[in-house]
2 protein chains.
Amino acid sequence: MTRALTRKGEATRARIVAGAAAEIRERGVDEVRLEDVMAHTGTSKGQLFHYFPGGKEDLLLAVAQHEADQVLTDQEPMLSNLTSWPAWLAWRDRLVERYLAQGVKCPLNGLLGQTGRRAPGAQAIVTGLMWRWQAAITEGIRHMQSTGDIGPDVDPERASAALLAGIQGGVLLLLSTGKIDHLEAALDLTIDSLRASALVTREQEGRDNE
Amino acid sequence: MTRALTRKGEATRARIVAGAAAEIRERGVDEVRLEDVMAHTGTSKGQLFHYFPGGKEDLLLAVAQHEADQVLTDQEPMLSNLTSWPAWLAWRDRLVERYLAQGVKCPLNGLLGQTGRRAPGAQAIVTGLMWRWQAAITEGIRHMQSTGDIGPDVDPERASAALLAGIQGGVLLLLSTGKIDHLEAALDLTIDSLRASALVTREQEGRDNE
DNA sequence: GGAAAAATGGACCGGCAAGTCCAAAGCCCG
DNA sequence: CGGGCTTTGGACTTGCCGGTCCATTTTTCC
C-alpha cells in the first residue's frame, strides 16, 4: 500500500524534507510558509500535497523524524561506545561542538509542550528521541560499571536521567542565552561525579584492605 | 509620559494580562487568538489595542514578564534561603511539586529559540529570568561554602550553571514525556554531589590529621 | 509505442485572525 | 456642570496562507 513512488519521486520527496528542515532550522517552525519550502526546494504546491497528502502537518512530521534521527547520528560513533573515560570525554566534546555550531537554531525546539500538542505525532517523535538517547547513556553507564570505572552504587537509569536532563537544559540555556557554559558545566560536573563514584568505592576498598 | 491610565483602566489592563496568561497556559502561545482573550476577559478589540498599542506582540511581552516573575516568586521563600541542607531539600520539594502541578503547561515554553526570535523582547525576559534564577542558586552555594557545608573546591558559578541546566532539562523532559523522574534525578544527584564535596574535604582533613 | 500511473505547475478559493477606525459612553477636575 | 480626557464597543478592512483542483508532462512497464 505504501509505495507508488518512482526513483524520481523518491528524490523529490527527500529534497522537500531536507529543504524544509533547513528552512525550519533557519526561520523556525511557525515562521515557515509552504511557499518558502517551495522556493527553497524548487517545487510546486502540487508536489507538496502530492508527497504529503496531510499538508503541512504531514510534512512537519517527516521533518521532525528526520531531525530526531540526525540528533543521534551526530553523536555517533561516540554515543554507542561509552566504554572508557576518554570515550566519554570524546562524546562530551562532540556534543559541545555540535551544539556550539548549531547555536540558536534548534529544529525540534518548537515541538515541545503545547506547541507540539496540536501534533501528537511530533510529540511522540520527540519522546522517542529522548528515550533512545537516555537508553544509550544508560548502556554506557552499565558498561563502565562492569569494568569498575563507575561505582556499583550508581543507579544507571537515574544517573542517565539526570545527565540527559543536564544536556537538555544546557541546550535550552544555549538557546535562550547564547552561552555554552551551562551545557559544559552540566556535562562536566555530572561526568565528574560518575568518576568520583568509582574513586569513593576504591577508597573504601583500600580502607577495607588496611 | 508613562501614565494616562485611570484606576479603572489599570484594572482592565491587569485583567487582560491575567486572562491572556491563563489562556496561554491552557492553549499554548500560538493557539491563542486575540478573540479568545477578549472572550475570556470580557473585553473588546478596542480595549486590547488601547492598552497594548503594539498589538499581540505587545500583549505577549506583558504576559511573559508576568509569568517570568511568577516562576521565581513560586520558589520563595526557599530560593532566597538556601542556607542549610533541609532548606535545600525544601526548595527541591517545592520545585518538584510546582512543576508536577503545572504538568505540561509551560507558559514560557514557546518563547525560546526561534519562536522567541521574532520577539526579541521576550527573549530578553527569559534570559533575565535565567540569570536571576542562577544568581540565587549561586548565592545559596556561596553561603553553604561559608558554613563548610559545601567544599571550597566547588566553583559556585559553574555548579549553579549545571544545577540550573538540570532543572531546565528536567522540566523540558517533563513537558515532552510527562514524567517527573528526570527533574527529580537531576535535582537529587546534583545536590548529592554538592554534599559529597564537603565530605571529601572532611575526609581529606581527617587524613591530614592522621 | 502506447496506455496507465506518477510527477509537475500553477491558478484559484476560502477562511481566518490581526489590525484599523470611529462613534458613543463614562470619568475627572476646575 | 461642562469640556476634554480616557474608556469602550464592534463593524469593517486586509493580507496572508493552507488547501483544492485540474491540465500538462514525464515515467514506467508491457
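Note: hydrogens, waters and symmetry copies are ignored here, and every other heavy atom, side chains too, is used.
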Those residues that, when tested against B/Arg92, pass salt bridge (charged side-chain N to carboxylate O under 4.0 Å, His left out) (two or more places apart): B/Glu184, B/Asp188
What heavy-atom pair brings [X] and [Y] nearest, and what distance separates the two atoms?
X        : Y        : value
B/Val71  : B/Trp133 : CG1-CZ3, 3.7 Å
B/Ala159 : B/Ile141 : CB-CD1, 3.7 Å
B/Ser176 : A/Val126 : CB-CG1, 4.0 Å
A/Ala22  : A/His40  : CB-CE1, 4.2 Å

Are OP1 or OP2 of [N] and a side-chain N or O of [X] less than 4.0 angstrom apart?
X       : N      : result
A/Gln47 : C/dA7  : no
B/Tyr51 : D/dT6  : no
A/Thr43 : C/dT8  : no
A/Thr12 : C/dT8  : yes
A/Thr6  : D/dT26 : no

Closest to side chain of A/Phe49, choosing from D/dT7, D/dG10, D/dG19: D/dG19
Sugar-phosphate, base or nothing in reach of A/Gly55, heavy atoms under 4.0 Å: sugar-phosphate
N/O-N/O pairs, protein side and nucleotides 14-17 of chain D side, under 3.5 Å:
{"from": "D/dC17", "atom 1": "OP1", "to": "A/Arg33", "atom 2": "NE", "distance (Å)": "2.9"}

5' priority, DNA chain D, between A/Lys8 and B/Gly9 [closest heavy atom]: B/Gly9
Intermediate values then yes/no, side-chain hydrogen bond (donor to acceptor under 3.5 Å, both in side chains), A/Ser44 and A/Gln47: CA-CA 5 Å; A/Ser44 69; A/Gln47 287 166 286; 3.2 Å; yes
Rounded distance (Å) that lies between atom [atom2] of [N] and atom [atom1] of [X]:
X       : N      : atom1 : atom2 : answer
A/Arg13 : C/dA6  : CZ    : P     : 15 Å
B/Phe52 : C/dA18 : CZ    : P     : 15 Å
B/Asp36 : C/dA17 : CG    : C1'   : 10 Å
A/Glu10 : D/dT26 : CD    : C1'   : 17 Å
A/His50 : D/dT24 : NE2   : P     : 19 Å
A/Leu48 : D/dT20 : CG    : P     : 12 Å
B/Leu59 : C/dA17 : CG    : P     : 16 Å

Point-to-point distance, once rounded to the nearest 0.5 Å, from CG of A/Leu173 to CD of B/Gln134: 8.0 Å
Of B/Val32 and A/Arg7, the one whose closest DNA chain C nucleotide lies more 5': A/Arg7
